[in-house]
Each structure stands twice: as C-alpha cells, then as structure tokens.
Number of protein chains: 2
Amino acid sequence: MATGHIPEATVARLPVYLRSLTELAAAGDATTSSDVLAERAGVNPAKVRKDLSYLGTHGTRGVGYDVRHLTFEVSRALGVANTWPVVVCGLGNLGRALAKHTGFTERGFPVVAAVDIDPAITGTTVDDVPVHSPDQIAELVAAHGVAIGVIATPGNAAQETADLLVAAGVRSILDFSSTVVTVPDHVEVRTVDLSTELQILGFHLHQDLPPEVGKTP
Amino acid sequence: MATGHIPEATVARLPVYLRSLTELAAAGDATTSSDVLAERAGVNPAKVRKDLSYLGTHGTRGVGYDVRHLTFEVSRALGVANTWPVVVCGLGNLGRALAKHTGFTERGFPVVAAVDIDPAITGTTVDDVPVHSPDQIAELVAAHGVAIGVIATPGNAAQETADLLVAAGVRSILDFSSTVVTVPDHVEVRTVDLSTELQILGFHLHQDLPPEVGKTP
DNA sequence: GCTTGTGAAGAGATTCACAGCA
DNA sequence: TGCTGTGAATCTCTTCACAAGC
C-alpha cells in the first residue's frame with residue numbers, strides 16, 4: 001500500500017514502535033516481527049501489521065521486518081528528521097521541569113526559550129534556556145522559528161498565552177494547563193491534564209468498590 | 001437511563017465537564033445547557049447530552065441542567081468523594097514537579113510519599129513530602145493506603161518500579177517514563193509520554209510541509 | 001417557544017482469519 | 001513452514017435528527 005492518509009490512532013502509536021525499534025537495533029537484532037513489536041508496544045500483533053501497512057512498508061512474509069529499514073520508514077512517516085523548536089510558557093513547577101527536560105532536545109524538540117510573567121525571573125536562564133516576558137513571544141517565535149508552544153501556566157493565563165502563541169504564528173500547542181483553550185482551525189492543540197488522568201484512574205478504583213448505600217441523598 | 005456501564009471515552013470527558021460546572025457555579029449560574037457545556041469543554045453538544053445520559057441524569061427539556069445537581073451527579077459518577085493517596089516514584093525534574101504539584105491534593109489525590117533510589121535524598125522531604133528508598137514501597141503503600149503509583153523514573157527503572165508497586169498492592173499506575181510497563185490484568189496503567197505528544201504534533205507539522213524530494217534514498 | 005434524551009446512521013478503530021508469498 | 005498483508009466482521013465512539021416534554 002502506498003503512503004496515503006495515516007489514521008490518528010496509528011500516528012499515536014508510531015512513536016512507540018520507533019522506540020521499540022531503536023531498542024531492538026541497540027540489542028543487535030537485524031530483523032523482527034509483528035509479534036515482537038506488539039509485545040513491546042503492548043498491543044495486538046494484527047494492529048502492528050495494519051499500522052505498518054499504512055506506511056507502505058514491506059516486511060518479508062515468513063521472515064518479518066528488517067529493523068533498520070523499518071526504523072527508517074517509521075522515522076520518515078513521523079518526520080523525525082525535522083527539528084521543531086519549542087517555547088515553554090509558564091515556569092511553575094511543571095514548566096520548569098519541562099524546560100529542563102533533556103529528552104525533548106534528543107528527539108528533535110529543543111526548548112529554545114521560556115516565558116514567564118514574573119519580572120523577577122525574566123532575563124535569567126533555566127538550564128541554559130533564556131527566560132523572557134510574554135510580550136516577547138512574537139519576537140521569540142520569529143527569531144527561533146518556534147513551531148510548538150507548550151502551555152504550563154496557571155489555568156487563568158492559558159487562553160491568553162494561547163492567543164499570543166497563535167498570533168505569533170505557532171501552529172501546534174501542547175497544553176498542560178487543565179483548561180480547554182480555543183484556537184483557530186489551523187492550529188492543533190493536544191491537552192495533557194494530569195489531574196484528569198488521576199481522576200480517570202480514580203473512577204476505575206471507585207467502580208471496583210462494593211456498591212455504596214444512599215446513592216441519592 | 002439508569003446508571004449502568006459508562007463508556008471509556010465518556011469517563012475521560014467527565015473531569016472536563018466537572019471543571020466547567022465548577023466554574024459555572026462560581027460565576028453564579030444556577031442552570032446551564034448542553035450547548036454551554038459543549039462550548040466550554042470543546043466538544044459537540046450532542047456528545048455532552050449522550051455522555052450525561054449515561055449517568056442517569058435528568059435535565060429539564062426546554063430549560064437545561066441544574067448546575068448544582070449535575071455537579072453532584074458527575075462527582076458521584078467519578079467517585080470524587082473518595083481520597084486516593086498517591087506515591088511518586090523517581091524524583092528527577094518531572095517527579096519533583098509532580099510531588100510539589102498542589103492541584104493533586106485539591107482533587108483528592110494527596111501525594112503522601114515519594115521514592116527515589118538516590119541515598120542522598122532519601123530521608124529528606126520535598127515540599128513536606130517525605131522521600132523514601134524504593135525498598136520501602138510496600139511499607140508505604142500499606143501505611144498510607146496508597147492507591148495510585150506515579151512512575152517518573154528513567155525508562156530503565158520503570159518496569160522494576162511497576163513490579164514493586166504491583167507487589168505492594170497498588171492497582172493503578174500513572175506512567176510518565178516513556179516505556180511500556182507490563183502489569184497483571186487487575187492493574188490499570190495510564191501512560192503519559194511527553195515526547196510522544198510532541199512527536200504527534202511534529203507529525204502534523206511535517207505533513208503540512210510541501211512534499212519532500214528523495215523520499216527513498 | 002426551547003432544550004433534553006435517544007434511536008439510528010455514520011465514521012473510525014480493532015480484531016479476526018486466511019490468502020499470499022518468501 | 002512461518003509471517004506478512006488485508007478484506008471482512010466487529011466493536012466503539014460520534015454525530016445526526018427528531019420526538020418528547022417543560
């Protein structure tokens with residue numbers, strides 16, 4: 001199958017496959033199979049094969065996939081050859097951790113700047129990342145070719161921050177702020193809400209509990 | 001409809017609705033509608049109505065939903081009345097930020113302890129959260145009734161940490177480690193992988209680029 | 001009037017199961 | 001023989017569209 005449209009659900013799994021492939025290569029494996037990849041990625045083997053078929057891959061029937069070649073194909077599909085500079089907005093506990101996180105740069109997402117409203121820290125650096133004031137977002141985006149804005153501000157500043165990022169031309173936002181930000185259609189937002197994740201886990205813990213009495217007071 | 005099984009996709013949206021309802025109540029609104037909730041949650045109004053119908057809600061046709069009552073029903077469905085103590089494993093940049101994060105306690109997920117392998121910090125505290133060594137996980141879980149383990153260790157320690165948590169009786173894990181951890185069926189794992197999120201955004205940025213030349217070298 | 005609640009249709013993702021081929 | 005690639009079946013989630021009812 002030729003490289004056409006790749007389903008979202010598949011896109012979300014490609015980074016996991018890529019990581020598994022890197023580990024397999026490091027372990028010296030030249031070939032692998034959908035079973036092995038599925039085991040490592042924690043999914044069904046048929047799903048792996050279908051996912052990879054969207055990339056126009058060619059594994060070898062009876063043998064499996066060439067690790068090096070598949071790594072190349074997954075990498076190309078994800079566009080990991082590109083570097084997308086990131087600006088982190090909001091330097092609370094989480095923002096600071098994200099600004100310091102070295103894994104981002106390794107994967108092609110260098111944190112080129114941070115932004116915070118506190119004048120006491122603008123002008124300083126956090127692990128070599130310069131801290132600027134929010135009204136410099138447009139300049140920063142232009143100067144560094146920033147592609148992705150990370151919002152780690154308190155909830156009440158999130159929309160405002162998103163507006164600044166969008167106005168500056170950023171087309172992708174990763175939002176940690178526990179709020180729903182509204183952006184134009186051409187901007188993609190992914191939300192990571194840590195409290196929501198815990199609440200989902202809490203829901204299932206709660207469900208497993210014996211039924212309560214007095215459900216309707 | 002009576003409170004029966006609630007679809008996963010719905011469960012994942014309930015915390016967002018709950019937050020919207022809290023804001024509406026704070027703003028003094030006594031009633032609201034699926035349109036308003038949909039707007040705030042960034043979803044389709046029909047989805048809101050269908051989601052709420054799983055809770056066995058009773059809005060009023062022609063009027064809408066009573067904010068107070070709906071808040072109560074969503075809260076009950078999520079089980080937010082419960083408190084689920086959390087232990088944070090791994091005190092790197094991210095683990096430290098999570099241990100300090102005050103929003104968790106506010107939502108019923110107090111961080112009662114942290115765990116790290118570095119003997120230099122065991123015995124200390126991070127924002128009043130005591131730091132212990134990993135071999136004390138079982139004790140900590142038993143002593144505090146820990147329900148949820150957060151894994152913020154480097155990838156190579158994640159599985160080992162998960163095993164300790166599971167052995168100690170933890171039934172829910174929130175994994176930030178960029179690895180797939182394997183656990184028994186009765187344990188629920190949710191994975192939050194920051195690099196993967198960026199890679200998904202990168203994929204779409206890359207897709208919007210003009211087609212490259214030399215796709216197959 | 002206006003908004004809920006819900007069958008039914010539609011879209012998307014997952015899984016099965018087996019033909020195809022090294 | 002063994003593993004891929006994929007049509008078909010299935011399941012899940014979303015969206016439509018409208019009857020029900022204040």
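Just so it is clear: chains get the letters A, B, ... in the order the sequence lines come, proteins before strands, and each one is counted from 1.
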Problem - Rounded to 10 degrees, the angle between the two terminal axes of the helix from C:dG1-D:dC22 to C:dA22-D:dT1, each from five pairs - result: 10°
Exercise for the section: Return the 5'-most residue of the pair A:Asp51, A:Val63 with respect to DNA chain C, ranking by each residue's nearest nucleotide. Expected result: A:Asp51
Exercise for the section: Mark yes or no for whether B:Arg13, through its side chain, and B:Asp51, through its backbone, hold a donor-acceptor pair below 3.5 Å. Expected result: no
Problem - Heavy-atom side-chain proximity of B:Trp84 to A:Leu201 below 4.5 angstrom - result: no
Exercise for the section: Could you tell me whether the side chain of A:His206 and the main chain of B:Arg76 form a donor-acceptor pair under 3.5 Å? Expected result: yes
Exercise for the section: State, with a plain yes or no, whether a side-chain heavy atom of A:Arg107 is found less than 4.5 Å away from one of B:Leu198. Expected result: no
Fill in the blank from the handout: Sequence neighbours excluded, the answer for side-chain contact (heavy atoms from CB on, under 4.5 Å) partners of B:Asp127 is B:Lys100
Handout entry: Under 3.5 Å donor-acceptor pair, A:Arg61 side-chain atoms to D:dT4 base atoms
Key = yes
Completion exercise
Closest to the 5' end of DNA chain C, once B:Leu52 and A:Thr10 are matched to their nearest nucleotides, is B:Leu52
Handout entry: Min side-chain heavy-atom separation A:Gln199-B:Val80 under 4.5 Å
Key = yes
Practice task
Could you check which of D:dC13, C:dT14, C:dT15 has an atom nearest any side-chain atom of B:Ala9?
Solution key: D:dC13
Practice task
Give A:Ser34 one of three labels, base, sugar-phosphate or nothing, depending on what nucleic acid heavy atoms sit under 4.0 Å from its own.
Solution key: sugar-phosphate
